[in-house]
Enquirer: 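First the structure, then my questions, so here it is.
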Amino acid sequence: MEEQSIQVELSTAKKEKPQTDQLEFGRTFTDHMFVMDYSVTDGWHNAKILPYQPISVDPAAMIFHYGQSVFEGLKAFRTPSGEVQLFRPRKNFERMNKSNERLVIPPIDEDFVLQALKKLIEIDQDWVPDTEGTSLYIRPFVFATEPFLGVAPSHQYKFMIILSPVGSYYKEGINPVKIAVEDTYVRAVKGGTGEAKTGGNYASSLIAQEVVSKKGYTQVLWLDGVEKKYIEEVGSMNVFFKIDGEVVTPKLNGSILAGVTRDSVIQLLKHWDVPVVERRIGMQELADAHEAGLLEEAFGSGTAAVISPIGALGWNGKEYTINGGKTGEISKRIYDTITGIQYGKLEDPLNWVEPITSKAKVNQ
Ligand SMILES: *Cc1c(COP(=O)(O)O)cnc(C)c1O
């Protein structure tokens, strides 16, 4: 692909930055955004960094009608020496292209969008907060813009990146959550879009949380969509269990989203020589392990929280308390290590962090 240049228009009015202890997830956005367009004749073109602003989209744009879109989520972190670094960003753009393929969206140039992201963060670097546990959340997304109501893949798209400073996920320390095993709704099925990071998966899963939150649960544990027996994910996170000294996580099966955090947890455990297995896990097997006193820990993994310990599982009218409702040892160790690496406070033995330096050509 021919190297594109990025046109930059800087904002003249800088927004006021919120206090870092008052940041809510995903509510505040930085001064700039990245945008580029796709057309069949020009491919991806018109790459620009612009002042953050509303965009104009035709009401007939296909995204509004048939949901052809993909998104990503990753973070930039401020190190103790003041530098800004990314955590495994290439994995996110690789995954975006896998999602794009599933949604029949043309591929992006992964190297180019990573350069564009670095340039954007460089421009908005003052927005990367520096207090404990805070970071800059990065949301790349792509959507169909062709004004057409026929059901077919769009011929036009927009790719954008917006940035949002986020506060600490665990302001009051890590708190295990109560999870209900979902037996009515399903998140995804093999052959569907569960493997792709696309908005429709979220739209269809909102109702489950809505129902269980009324019963005092934070999220749901999703079972497979066919037999409703095998564990898939927790909320919008991947899920891990420690059973009799071994860490297990559902094997990627075509309906589970391949989390970057999931992969990092697996790699880290292998690096530590802690037994870790990817395999099918039945809900009944998990309940039996609990009865036998062998279910030692459970936690979700994802970019927002890194690790979210599960203190109790509600299933079939019973409540299974895990590790006395407290954060387990391995959960804590993984959390401390991954966040330590992300913030540049620990060694990075697996080469996960990427400093922000710009190689993008800039035409101002
Ligand atoms: C994004 C996502 C995850 C977690 O992925 P990370 O790359 O670790 O943030 C897990 N499950 C679903 C359904 C997701 O959309």
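For ligands, and for the atoms within them, numbers begin at 1 and follow the listed sequence. Throughout, residue positions are numbered sequentially from 1 according to the sequence presented.
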Enquirer: Just wondering, do Ile310 and Val239 contact through their side chains at under 4.5 Å, heavy atoms?
Expert: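 Yes, their side chains come closer than 4.5 Å.
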Enquirer: Note the single closest protein heavy atom to atom 5 (O) of ligand 1, along with its residue, its atom name and the distance in Å.
Expert: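 The answer is Gly259 CA, 3.3 Å.
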Enquirer: In terms of relative ring orientation, are Trp44 and Tyr157 parallel, tilted or perpendicular, with 30° and 60° separating the classes?
Expert: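 Because their plane-to-plane angle lies in the 30° to 60° range, the rings of Trp44 and Tyr157 count as tilted.
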Enquirer: Starting from atom 15 (O) of ligand 1, what is the nearest protein heavy atom, named by residue and atom, and what distance separates them?
Expert: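 Closest protein heavy atom to atom 15 (O) of ligand 1: Tyr202 OH, 2.4 Å.
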Enquirer: Is there a donor in the side chain of Thr193 and an acceptor in the side chain of Thr198, or the other way round, less than 3.5 Å apart?
Expert: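 There is no such pair between these side chains.
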Enquirer: Spell out, yes or no, whether Ile162 and Phe77 are grouped together once hydrophobic residues are joined by side-chain heavy atoms under 4.5 Å, including indirect joins.
Expert: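 No.
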Enquirer: To which protein heavy atom is atom 9 (O) of ligand 1 closest, and what is the distance rounded to 0.1 Å?
Expert: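 Going by distance alone, atom 9 (O) of ligand 1 is nearest to Thr303 OG1, 2.6 Å.
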Enquirer: Please determine whether side chain to side chain donor-acceptor pair (under 3.5 Å) holds for the pair Tyr217 and Glu319, giving the CA-CA distance in whole Å, both sets of side-chain angles, and the decisive distance to 0.1 Å.
Expert: CA-CA 11 Å; Tyr217 292 95; Glu319 194 155 294; 2.9 Å; yes
Enquirer: So which heavy atom on Thr134 is nearest to which on Pro129, and how close?
Expert: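 That closest heavy-atom pairing would be OG1-CB, 3.3 Å.
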Enquirer: Within the side chain of Gln219, is there an N or O that forms a donor-acceptor pair under 3.5 Å with the backbone of Val234?
Expert: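 Between the backbone of Val234 and the side chain of Gln219 there is no qualifying donor-acceptor contact (under 3.5 Å).
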Enquirer: Just heavy atoms, cut-off under 4.0 Å: does Met237 contact ligand 1 by side chain, backbone, both, or neither?
Expert: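 The answer is the backbone of Met237.
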Enquirer: Quick one: does Gly73 get within less than 4.0 Å of ligand 1, heavy atoms only?
Expert: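 Outside the 4.0 Å threshold, so no.
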Enquirer: Please confirm whether Phe299 and Tyr335 have ring centers closer than 6.0 angstrom.
Expert: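 When the ring centroids of Phe299 and Tyr335 are compared, they turn out to be at least 6.0 Å apart.
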Enquirer: Distance under 4.0 Å to a non-hydrogen atom of Arg95: what atoms of ligand 1 satisfy this?
Expert: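 The atoms of ligand 1 under 4.0 Å from a heavy atom of Arg95 are 5 (O), 6 (P), 7 (O).
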Enquirer: For Asn238, which part has a heavy atom under 4.0 Å from ligand 1: side chain, backbone, both, or neither?
Expert: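 Looking at Asn238 and ligand 1, atoms from backbone and side chain both fall under 4.0 Å.
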Enquirer: Gln209 side chain to Thr218 main-chain N or O, any donor-acceptor pair under 3.5 Å?
Expert: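 Confirmed, Gln209 side chain pairs with Thr218 backbone.
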Enquirer: Of the protein's non-hydrogen atoms, which lies at the shortest distance from atom 13 (C) of ligand 1, and what is that distance?
Expert: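 The answer is Arg187 NH1, 3.2 Å.
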Enquirer: Write out the residue and atom name of the closest protein heavy atom to atom 3 (C) of ligand 1, then the distance separating them to 0.1 Å.
Expert: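 Checked against all protein heavy atoms, atom 3 (C) of ligand 1 sits closest to Ser236 O, 3.4 Å.
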Enquirer: Tell me, which protein residue and heavy-atom name are nearest atom 2 (C) of ligand 1, and how many Å apart are they?
Expert: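 Scanning the protein heavy atoms, the shortest distance from atom 2 (C) of ligand 1 goes to Lys197 NZ, 2.6 Å.
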Enquirer: Considering Val306, Val260, Val234 one by one, which has a heavy atom nearer to atom 7 (O) of ligand 1 than any of the others?
Expert: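 The residue whose heavy atom sits nearest atom 7 (O) of ligand 1 is Val260.
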Enquirer: Are any of the N or O atoms of Arg262 closer than 3.5 Å to those of ligand 1?
Expert: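 Between Arg262 and ligand 1 (N or O atoms, distance only) the closest approach is not under 3.5 Å.
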Enquirer: When you measure from atom 12 (C) of ligand 1 to every protein heavy atom, which one gives the shortest distance, and what is it?
Expert: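 Closest protein heavy atom to atom 12 (C) of ligand 1: Glu233 OE1, 3.4 Å.
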Enquirer: For atom 8 (O) of ligand 1, grab the closest protein heavy atom and report residue, atom and distance to one decimal in Å.
Expert: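 I find the closest protein heavy atom is Thr261 OG1, 2.6 Å.
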